[in-house]
Amino acid sequence: MKYFPHTQQDIQQMLAAVGLKSMDELFGEIPQQLLFNREFNLPEAMSEAEIRNFFELLGQKNYPLTCFAGAGVEDHYIPSVIAPIVSRGEFLTAYTPYQPEISQGTLQYIFEYQSMICELTGMDVTNASMYDGTTATAEAMMMCVAIAKKRNKVIVSATLDPKVRRVVETYAKYQGVVIDIVNEKDGVTDLDELREKLAGDDVAGVILAQPNFYGIVEDYTGVAEMCHEKKSMFVLNAKPSALALLRTPAEWGADIACGDAQSLGIPMCYGGPYVGYLACTNTHVRKLPGRIVGATTDVDGKRAFVLTLQAREQHIRREKANSNICSNQSLMALWVTIYMSVMGEKGLKEVCRNSYAGAHYLAEKLVATGKFSMAFDQPFFNEFAVKCTAPAQKVLETLLSHNILGGVRIDDDMLLICVTEQRTKEEMDKFVEIVDNIK
């Protein structure tokens, strides 16, 4: 039984193998003041029924919140079929993909995941090895520098999520990369300033967001040409669920697309991490970290899957690797794959349309109270920033007293509010009614 502890015989055999007589001798070098020398504060044993009752009473202390918060983590509908499919043995127990003959389950869903991400982003190739959206963006930054070779400056828009910017800056600090922030203007990237910063011919890449941190859909017409004219890479951090309706990174002319796939049906899970995606054009596939799975045929002519490309330096020559992220995150990639399969093109578009419509409905209702105004006069998707006449923290606390998570405070008088397909008209009307009564 694999979860049973070692027997005394097991312990004696292991001690004998290392030339020791007791467990006390094994840990003898640890100072006494660091050892735990009292009884553990553990409750008495309970029966199964008592344990069930205990946790049921404990669970009753929780209370559900109606979520209008976003900023990178959104409350989307999760089809009930995903959990049982994820737990099927073909996937759950599939072996590590280094031995394709016994890991077809893992290889197949990674291949399907890659195919779907490429279809969403319009890019040629993607991997399945990113920890989350922030590190995926940092890896995109490192790809820019690796491709440019003699350039080590990367321009990042101020409208990129601040959490993502901080991780990118951390990576850059220890890799000798210079991060140059291009300022925002009226909630969007100042493209005139970007053009000035590109004039120096020393920029390896430019990282922009779509939609940006404020939920605004930015117009990047001409940006790819602006970057490529100066031999700089264009990276677009894009919310994948929104790409069911919005123009894809490929259509904007991006060289690399990256971001977090939480919006593709992954539970909010206390803030993550979730799964990052990183995709690029065929030209730069050799600089893409992680694994790429491809389809082929076996000796009998049947469809099969194999590791087509992986950077072996990640495993045997770490100092020469483009990246040292090797955790495949394939369980979350599987979750996302099943979500996209179940929802299909029609379902993904419906999610986008309902989220968009709900966000605009709520924004109009809030502005009509006279206690809120739009922070920016810009097109937005399913998230928007508003200025409040009352302190933003007071607004959030008032909503929370009614079991509503009312958004994310981004300034003393500014809230970032997110609406997904989960939110009903009744919930939004209740939101407006509560905040309209704040004195």
Side-chain angles (χ1 to χ4, degrees), residues 1-59 83-110 113 127-132 135 266-267 269-270 272-276 289-293 298 304-307 309-321 323-335:
M1 301 300 289
K2 58 185 177 181
Y3 296 117
F4 282 6
H6 299 118
T7 65
Q8 283 299 318
Q9 183 180 358
D10 293 332
I11 293 171
Q12 290 304 317
Q13 288 177 348
M14 288 188 286
L15 289 172
V18 293
L20 300 174
K21 296 179 180 179
S22 68
M23 294 295 289
D24 290 338
E25 188 177 352
L26 177 63
F27 296 107
E29 294 185 5
I30 300 176
Q32 284 295 317
Q33 63 268 28
L34 297 181
L35 295 176
F36 189 84
N37 291 314
R38 61 184 185 274
E39 292 295 323
F40 287 104
N41 182 22
L42 295 175
E44 294 296 321
M46 290 185 283
S47 68
E48 180 180 341
E50 288 172 327
I51 290 174
R52 286 180 179 274
N53 290 335
F54 172 80
F55 281 107
E56 185 174 343
L57 291 172
L58 192 63
I85 294 179
V86 164
S87 64
R88 286 182 64 91
E90 302 98 309
F91 305 127
L92 189 65
T93 61
Y95 191 67
T96 179
Y98 299 121
Q99 292 183 249
E101 64 276 13
I102 55 175
S103 58
Q104 285 299 295
T106 296
L107 290 166
Q108 180 177 356
Y109 73 68
I110 291 177
Y113 166 84
N127 64 16
S129 302
M130 294 292 98
Y131 184 60
D132 61 10
T135 50
I266 296 181
C269 297
Y270 306 99
Y274 304 106
V275 59
R291 308 179 181 100
I292 298 173
V293 173
D298 64 13
F305 302 92
V306 294
L307 282 177
L309 183 66
Q310 64 170 327
R312 287 296 295 173
E313 287 81 4
Q314 291 182 197
H315 313 293
I316 60 176
R317 293 183 297 177
R318 292 173 66 84
E319 73 281 359
K320 294 182 180 296
S323 165
N324 284 319
I325 287 188
C326 299
S327 59
N328 196 293
Q329 287 298 95
S330 63
L331 177 62
M332 292 295 94
L334 171 60
W335 189 284

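Throughout, numbering of the chain's residues begins at 1 and tracks the sequence.
F91 and I85 get closest at one heavy-atom pair: CD1-O, 3.5 Å. In this structure, P267 and Y274 approach most closely via the heavy-atom pair O-CE2, 3.2 Å. Taking both residues in full, the closest heavy atoms of M130 and G276 are given as CB-O, 3.1 Å, listed atom of the first, atom of the second, then distance. Contact record, W335 with V86: CE3-CG2, 3.7 Å, taken as the closest heavy-atom pair. Residues I11 and M23 share a closest heavy-atom pair of CG2-SD, 3.8 Å. Pairing each heavy atom of P84 with each of S87, the nearest pair is O-OG, 2.9 Å.
Atom-to-atom distance recorded for L334:CG and R88:CZ is 11.5 Å, nearest 0.5 angstrom. Taking CD1 of I110 as the start and CD1 of I292 as the end, the distance is 11.5 Å to the nearest 0.5 Å. The distance from atom CD of Q9 to atom CE of M14, rounded to the nearest 0.5 Å, is 11.0 Å. Taken to the nearest 0.5 Å, the CG atom of L58 stands 12.5 Å off from the CG atom of N53. The CD atom of E39 sits 9.0 Å away from the CG atom of L42 when rounded to the nearest 0.5 Å. Atoms CD and OG, from Q12 and S22 in turn, are 8.5 Å apart once rounded to the nearest 0.5 Å.
More than 12 heavy-atom neighbours from other residues, nucleotides or ligands sit within 6.0 angstrom of CZ on F36.
Under a 3.5 Å cut-off, the side chain of S330 and the backbone N or O of A333 do not form any donor-acceptor pair.
Counting only heavy atoms from C-beta outward, the side chains of N37 and Q32 approach each other to under 4.5 Å. Side-chain contact between D132 and V275 is absent, with no heavy-atom pair separated by less than 4.5 Å.
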